[in-house]
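Please read the structure below before turning to the comments.
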There are 2 protein chains.
Amino acid sequence: MTERYLRSVRLLAQCMQGFERHSNEHVRRFDLTPPQFDIIATLGNTEGMSCKELGDKTLITKGTLTGVLNRLEEKKLLERIRSNDDRRSIFVRLTAAGQQLFETVFPQVIAEGKLLFADYDEQQFAELEQQLTRLKQRIDAKGAA
Amino acid sequence: MTERYLRSVRLLAQCMQGFERHSNEHVRRFDLTPPQFDIIATLGNTEGMSCKELGDKTLITKGTLTGVLNRLEEKKLLERIRSNDDRRSIFVRLTAAGQQLFETVFPQVIAEGKLLFADYDEQQFAELEQQLTRLKQRIDAKGAA
DNA sequence: TATTGTTATACTCTATAACTATA
DNA sequence: TATAGTTATAGAGTATAACAATA
């Protein structure tokens, strides 16, 4: 029960929770839920993509995705366009308003995080990333199995 | 927009998402939701605590907490006892069944994670923790402000 | 007056499965 | 038959505010 690695995992979880707490505060200020922001952030700076692709990237299942997209469409933040290539498929992209919101919210969430790293130099970034990359490789390898 | 630190944050998020994906699979196998497991894990190996304390530790607000506790109480996994010291307060603790579930699920979630760190030696743990501790300090300092 | 916990309300997300329309 | 997306359903979490009992 007192596994050596637990301390690492606890730290990782605490970092992540702290991050999410901060970022969700920003997100909610713009009347977005975390999943809605996830969609906006995924569509931001792209020409758009199919529901399928969007679901794969955000890990939101298709039934849920329809609901989240509906709410964002009602807010005029995105639009759905039926594809001509494959008429089963629907192309989703941000409207001008959605793009503008993305450009407003995203940098704020980013700026929030930026402060946390204010005193990091290049070497410290490199060290942190080396550790996290190693860990991520283990996780990805496991997920594939 | 291409901040240096974004790569670190993205890695951190990916690690955490991977972890949660794995751990939630275990949790759901026991018919628990993530918030429910959060409560069970917080109460595990303690004598119990007040709703107030439980809410503070899990970051679940009191209105929500009542609902989550109700569902766990219906499953006979925890019990509520009105405190005699302060009769506004309610003491929550795991039942024998709840404790047993904790002792079953928690090690499984733990074992899952343990595999990820199979090839870590003491120095690698120390390096990872040093990085995460530094980051956590920044986050906590910010949250307090 | 302030605090602990419950209740009430309204919304969102979630999983699941049946369904429509295309391919 | 298989795939893309919608609809339907039921359950669970969330924020918020009003409320009861107690301090």
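What you see is a predicted model; the values in this text were computed from it and never measured. Computed over heavy atoms, backbone and side chain alike; hydrogens, waters and symmetry mates excluded. Per chain, numbering begins at 1; letters A, B, ... match sequence-line order.
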Assess whether atom NZ of A:Lys52 is packed by more than 12 heavy atoms of other residues, nucleotides or ligands within 6.0 Å. no
Want to settle it: does B:Pro34 or A:Leu65 sit nearer the 5' end of DNA chain D, counting the closest nucleotide to each? A:Leu65
Of B:Lys75 and A:Ser89, whose closest DNA chain D nucleotide lies nearer the 5' terminus? A:Ser89
Contact string for nucleotides 15-23 of chain D, one letter per nucleotide 5' to 3', B = base within protein heavy-atom range under 4.0 Å, S = sugar-phosphate only, - = neither, reads BB----BBS
Which whole-number value in Å describes the distance from [X] [atom1] to [N] [atom2]?
{"X": "B:Asp38", "N": "D:dA12", "atom1": "CG", "atom2": "P", "value": "17 Å"}
{"X": "B:Glu53", "N": "C:dT3", "atom1": "CD", "atom2": "C1'", "value": "16 Å"}
{"X": "A:Glu25", "N": "D:dT14", "atom1": "CD", "atom2": "C1'", "value": "15 Å"}
{"X": "A:Phe91", "N": "D:dG5", "atom1": "CZ", "atom2": "C1'", "value": "16 Å"}
{"X": "B:Leu32", "N": "C:dT14", "atom1": "CG", "atom2": "P", "value": "18 Å"}
{"X": "A:Lys52", "N": "D:dT3", "atom1": "NZ", "atom2": "P", "value": "9 Å"}
{"X": "B:Ile81", "N": "C:dG5", "atom1": "CD1", "atom2": "P", "value": "13 Å"}
{"X": "A:Arg80", "N": "D:dA4", "atom1": "CZ", "atom2": "C1'", "value": "12 Å"}

Under 4.0 angstrom between B:Ser50 side-chain N/O and C:dT4 OP1 or OP2: no
With no hydrogens and no angle check, do the side chains of B:Gln131 and B:Glu127 hold a donor and an acceptor under 3.5 Å apart? no
For the atom pair OG1 (B:Thr133) and NZ (B:Lys136), what is the distance rounded to the nearest 0.5 Å? 8.5 Å
Going only through I, L, V, M, F, W and Y residues with side-chain contacts under 4.5 Å, is there a path from A:Leu32 to A:Phe106? yes
Are A:Phe30 and A:Leu43 connected, step by step, through hydrophobic side chains (Ile, Leu, Val, Met, Phe, Trp, Tyr) whose heavy atoms are closer than 4.5 Å? yes
When you compare the side chain of B:Ile39 with that of B:Ile60, does any pair of heavy atoms fall below 4.5 Å? yes
Have a look at B:Thr66 and say if it touches a base, only the backbone sugar-phosphate, or nothing, with a 4.0 Å heavy-atom cut-off. base
Ring-ring centroid check A:Phe117 A:Phe125, cutoff 6.0 Å: yes
